[in-house]
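What follows is a short report on a single structure.
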Amino acid sequence: MNSVSDVFRLGRNIAVFPVVHGSGDSAVEVRRLMLNQKFSCLAVPLPPSFQADVEAAVECLPQVSVVLQRQPVTNFHTQPPDFGDALEVAESAEDYAESRTASYVPIDPCQPVIAALRIARQERMARAFIDIETDNYIPQSTILPDPYALKRVSPEQFAAAILPALPAPADADQWTRLRWMAAELHRLSAEYDSVLCLCSLPDWPWLRDLFNAAVDRPEAPEWSETPTEAYGVAPRTLTFVLGELPFITGLYEQARADLDDDENLSIDGIKSLLVHARDRYREEFGTRARRITPSLLSRCLRYIRNLSLIERRFTPDLYTLVIAAKQTAGDQYAVHVAESAREYPWAPAESVPRIRFGIDRASLPDGTELVPLSRLPGPPVVWRTCQLNTRPDPRTVYRWQKSWDPHGQCSWPPEDVAIERFRTHVRDVALDLIGNDLAKTEKFSASMKDGLDIRETLRNWHTGELYVRVFPPARGKIDCVVMLFDSPADPRNYPWRITWHAEHQDESTLSLFATNFTEEMVGPGIAVARYGGAMFLFPPRPGPDIWRDPRFDFADTLEERLLAAGLHYSREKHVAIMSHSPPGAGWRRLASRYRKKLVHVPLARFGAETIEKLRIFHVLNGHEIRSYADHFIRKP
């Protein structure tokens with residue numbers, strides 16, 4: 001006991017260590033204390049009736065479970081009434097549901113009390129459950145500072161700093177409970193050489209005062225001796241039970257199994273979560289995924305830090321993570337962050353009955369609804385909503401595919417506007433490139449013209465003259481732009497080939513080859529595809545579908561057929577072609593056959609992220625779908 005701080009010492013042989021329930025950082029401090037010091041008994045703030053089932057459940061870790069004890073029903077209804085006024089029935093049913101409560105102990109690896117019991121069993125240490133038995137348990141929770149501060153300050157400094165702000169218990173039952181535990185500590189002090197008692201941080205100063213005052217043991221309240229029940233927790237509802245995020249809890253357990261360092265997992269785990277969500281995001285969207293670079297993740301982490309500090313915390317909650325991911329990388333990445341956060345590697349066995357938790361509700365395997373009350377309550381939790389466009393389930397997608405009308409297809413106007421603007425930009429770049437071929441150099445006289453010609457100026461450095469470049473206005477126009485995003489293109493990847501005619505004078509006649517849109521449905525009558533290549537004719541003009549026109553059957557590849565159609569229908573001398581590589585000799589001979597010239601615009605001139613966004617477009621099953629399409633369209 002020599003190295004235990006005097007702040008935590010009681011009497012001659014008791015150390016009362018205050019903890020923050022549900023905190024992995026607090027659990028790490030408890031583990032450090034128990035492994036550095038030798039104690040003969042561990043006292044925990046739980047009733048003795050929970051001991052057998054709780055210790056059995058601790059042995060099943062890392063599988064998360066709960067030990068539950070039902071509290072007696074406080075009214076005489078056996079089921080909600082089904083007669084009378086509807087409002088009266090609703091109020092009676094609500095009162096009935098609220099009367100069916102149960103207290104439970106979460107067997108959470110990041111709970112300091114559970115972590116201490118785990119170590120005590122391994123070290124063959126005596127365990128004492130010293131809380132009072134009661135049928136009317138009321139949890140007490142207080143807003144506390146973030147326990148991550150324990151990384152920089154000692155536990156006694158942390159507790160002493162909070163001491164002036166801790167309110168005294170206002171409930172008589174709470175005082176009775178503290179007097180009972182103080183009397184139990186006096187009993188344990190006489191039986192054991194050294195005792196470690198864990199208690200909630202808000203209870204610590206009052207338990208200490210009652211122990212020093214040597215108060216008498218209060219009378220035991222009437223108790224129905226209701227037996228405890230053990231249940232596994234449904235994996236999808238672990239977020240409502242665990243103190244830390246399920247993903248972070250899994251990292252603590254993995255570090256324990258691998259004998260790895262877990263001192264800073266409350267922060268390092270957030271980084272691992274973001275990287276894991278990025279991998280899942282890439283798996284779903286493939287090449288359509290937005291590039292989530294280390295720089296973008298760094299901005300996301302700064303965003304998380306700033307939001308956490310605004311809320312006066314060092315570590316973020318799930319809402320902060322999702323909001324930051326949404327603002328920096330989009331809805332779909334935020335969805336994967338939320339889904340990854342609730343992943344926990346160890347699910348309960350199929351033979352174990354499972355309980356489902358929700359917000360202030362729990363559902364037993366037999367369908368009984370209860371109001372759960374945690375015996376190890378952490379700081380109060382505030383649930384907030386965040387709007388995200390999520391993916392549909394497979395059965396819904398199958399139903400949408402079956403209801404698709406193959407005779408009705410149209411585009412989504414916002415994407416039409418975006419691709420037409422890009423087509424105009426590519427055309428302007430091509431016109432500039434034509435002008436560059438006609439550029440000339442002249443001596444500087446009164447104007448810098450189109451900029452200093454560095455090469456010619458250096459060549460004539462000995463004369464002391466400056467030379468400037470002059471770009472004459474581009475001659476001619478470009479009415480056809482061919483975009484080849486994937487060249488050479490595998491026809492098996494792009495089975496959908498079609499020509500779309502303009503709906504109005506501001507749209508081009510568009511011929512394209514793309515992925516099969518029916519394989520990826522995102523809403524009722526809404527599918528998504530990805531351009532492999534496209535040919536734009538502006539001003540728009542009517543014409544047959546180039547993919548069925550026998551005049552272009554000589555083409556061997558999708559790109560060559562698209563280019564041949566563009567050369568055939570273009571009324572100008574130049575045709576712009578955007579691709580990764582310059583046109584080869586075969587394509588230039590094809591252009592000469594139509595008496596045209598190709599102007600190559602390198603794809604590398606444009607940002608990769610911009611190109612990937614433009615390649616994704618949606619196909620709607622009729623014009624009426626446009627009225628609600630924006631509610632289902634998910635941008636990567």
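A quick note: this is a predicted structure, and the numbers were derived from the prediction, not measured.
Taking the side chain as every heavy atom from C-beta outward, Asp486 and His580 never approach each other to under 4.5 Å. Looking at heavy atoms from C-beta onward, Leu563 lies out of side-chain contact with Glu559 at the 4.5 angstrom threshold. Annotation: side chain of Phe554 is in contact with side chain of Leu590 (closest heavy-atom distance under 4.5 Å). Using a 4.5 Å cut-off on side-chain heavy atoms (C-beta onward), Asp630 and Ile633 make no contact. The shortest distance between side-chain heavy atoms of Leu510 and Pro540 does not fall below 4.5 Å. Looking at Arg354 and Val233, their side chains never come closer than 4.5 Å, going by heavy atoms from C-beta outward. Counting only heavy atoms from C-beta outward, the side chains of Pro345 and Gln254 never approach each other to under 4.5 Å. Side-chain contact between Thr515 and Asn493: absent, with no pair of heavy atoms (C-beta onward) separated by less than 4.5 Å.
Within 6.0 Å of atom CZ in Arg541, more than 12 heavy atoms from other residues, nucleotides or ligands are found, so the atom counts as buried in its surroundings. No more than 12 heavy atoms of other residues, nucleotides or ligands lie within 6.0 Å of CZ in Arg356, so this atom counts as exposed by the packing criterion. The environment of Phe314 atom CZ is sparse: at most 12 non-hydrogen atoms of other residues, nucleotides or ligands sit within 6.0 angstrom. The number of heavy atoms from other shown groups lying within 6.0 Å of CZ (Arg548) does not exceed 12. Within 6.0 Å of atom CZ in Arg312, 12 or fewer heavy atoms from other residues, nucleotides or ligands are found, so the atom counts as exposed in its surroundings.
The minimum heavy-atom distance linking Leu598 with Arg588 is given by the pair O-NH1, 4.0 Å. Listed here is the closest heavy atom pair of Tyr333 and Leu274: OH-O, 2.8 Å. In terms of heavy-atom proximity, Leu297 sits nearest to Arg278 at CD1-NH1, 3.8 Å. Nearest heavy-atom pair across Ile616 and Glu415 is O-OE2, 3.8 Å. The shortest heavy-atom contact between Ala362 and Ile355 is CB-CD1, 4.0 Å. What you find for Gln63 and Ala349 is that their closest heavy atoms are OE1-N, 4.0 Å.
Judged by distance alone, with hydrogens and angles left aside, the side-chain atoms of Thr396 form no donor-acceptor pair with the main-chain N or O of Pro392 at under 3.5 Å. Within the 3.5 Å criterion, the main-chain N or O of Gly408 finds a donor-acceptor partner in the side chain of Asn621. The backbone N or O of Thr518 lies less than 3.5 Å from a partner atom in the side chain of Gln401, making a donor-acceptor pair. Under the 3.5 Å distance criterion, the side-chain polar atoms of Gln111 are left unmatched by any main-chain donor or acceptor of Ser23. A distance-only check finds no donor-acceptor pair linking the side chain of Ser298 to the backbone of Pro294 [under 3.5 Å]. Using modelled atom types, no side-chain atom of Asn516 and backbone atom of Trp496 make a donor-acceptor pair closer than 3.5 Å. In this structure a side-chain-to-backbone donor-acceptor pair under 3.5 Å is missing from Thr368 to Leu364. The backbone N or O of Met483 sits nowhere less than 3.5 Å from a side-chain atom of Tyr531 that would complete a donor-acceptor pair. With hydrogens and angles disregarded, a donor-acceptor distance shorter than 3.5 Å links the side chain of Ser627 to the backbone of Glu624. In terms of modelled atom types and a separation under 3.5 Å, the side chain of Glu572 and the main chain of Asp479 share no donor-acceptor contact.
Note that CG of Leu296 is 10.5 Å distant from CZ of Arg291, once rounded to the nearest 0.5 Å. How far CG of Asp416 is from NE2 of His504: 7.0 Å, rounded to the nearest 0.5 Å. To the nearest 0.5 Å, atoms CZ (Phe247) and CG (Leu238) are separated by 14.0 Å. Going from atom OG1 of Thr328 over to atom CD1 of Ile292 covers 8.0 Å, rounded to the nearest 0.5 Å. If you take CG on Leu251 and NE2 on His276, they are separated by 9.5 Å, rounding to the nearest 0.5 Å. Here the NE2-CD1 distance, from His631 to Ile526, works out to 9.5 Å after rounding to the nearest 0.5 Å.
Looking at Thr320, Asp25, Asp146 one by one, the single match for side-chain hydrogen bond (donor to acceptor under 3.5 Å, both in side chains) with Thr315 turns out to be Asp146. If you run ring pair (Phe, Tyr, Trp, His ring centres under 6.0 Å) between Tyr104 and each of Phe357, Tyr231, Phe240, only Phe357 comes through.
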Report task. Using the side-chain contact (heavy atoms from CB on, under 4.5 Å) rule, take Tyr148 and Ile267 through it: C-alpha gap first, then chi angles, then the decisive distance, then the call. Result -> CA-CA 9 Å; Tyr148 184 75; Ile267 294 298; 3.5 Å; yes
Requested in this report: Apply side-chain contact (heavy atoms from CB on, under 4.5 Å) to Phe617 and Leu512, showing your working.
Outcome: CA-CA 12 Å; Phe617 68 103; Leu512 61 94; 4.3 Å; yes
Requested in this report: For the pair Glu560 and Arg589, evaluate salt bridge (charged side-chain N to carboxylate O under 4.0 Å, His left out) and give the outcome as yes or no after the intermediate values.
Outcome: CA-CA 12 Å; Glu560 188 174 347; Arg589 285 195 299 269; over 6 Å; no
**Report entry** Working for side-chain contact (heavy atoms from CB on, under 4.5 Å), residues Leu61 and Ile107
**Finding:** CA-CA 8 Å; Leu61 286 173; Ile107 310 302; 3.8 Å; yes
Query raised in the report: Taking it one step at a time, do Val599 and Val575 satisfy side-chain contact (heavy atoms from CB on, under 4.5 Å)?
Result: CA-CA 6 Å; Val599 181; Val575 172; over 6 Å; no
Query raised in the report: After noting the C-alpha distance and the side-chain angles of Phe517 and Trp404, does the key distance pass the ring-ring contact (aromatic ring centres under 6.0 Å, His included) rule?
Result: CA-CA 11 Å; Phe517 62 87; Trp404 184 274; 5.3 Å; yes
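Salt-bridge formation is not detected for the pair Glu609/Arg615: no Lys NZ or Arg NE/NH1/NH2 atom is positioned less than 4.0 Å from an Asp or Glu carboxylate oxygen. A salt bridge links Arg626 to Glu503: one of the charged nitrogens lies within less than 4.0 Å of a carboxylate oxygen. A salt bridge links Arg530 with Glu612; the closest basic N to acidic carboxylate O contact falls under 4.0 Å. Looking at Arg561 and Asp549, no side-chain N of the basic residue comes within less than 4.0 Å of a carboxylate O on the acidic one, giving no salt bridge. Between Arg427 and Asp432, no side-chain nitrogen of the basic residue sits less than 4.0 Å from a carboxylate oxygen of the acidic one, so the salt-bridge criterion is not met. With salt bridges taken as basic N to acidic carboxylate O contacts below 4.0 Å, one links Arg423 and Glu420.
Applying the side chain to side chain donor-acceptor pair (under 3.5 Å) definition to pairs two or more places apart or across chains, those involving residues 590-606 are Ser579-His600.
Contacts of Pro524 classified as side-chain contact (heavy atoms from CB on, under 4.5 Å), with partners at least two apart in sequence or in another chain: Trp400, Tyr628, Phe632.
Relative orientation of the Phe422 and Phe606 rings is perpendicular, given thresholds of 30° and 60° on the angle between their planes.
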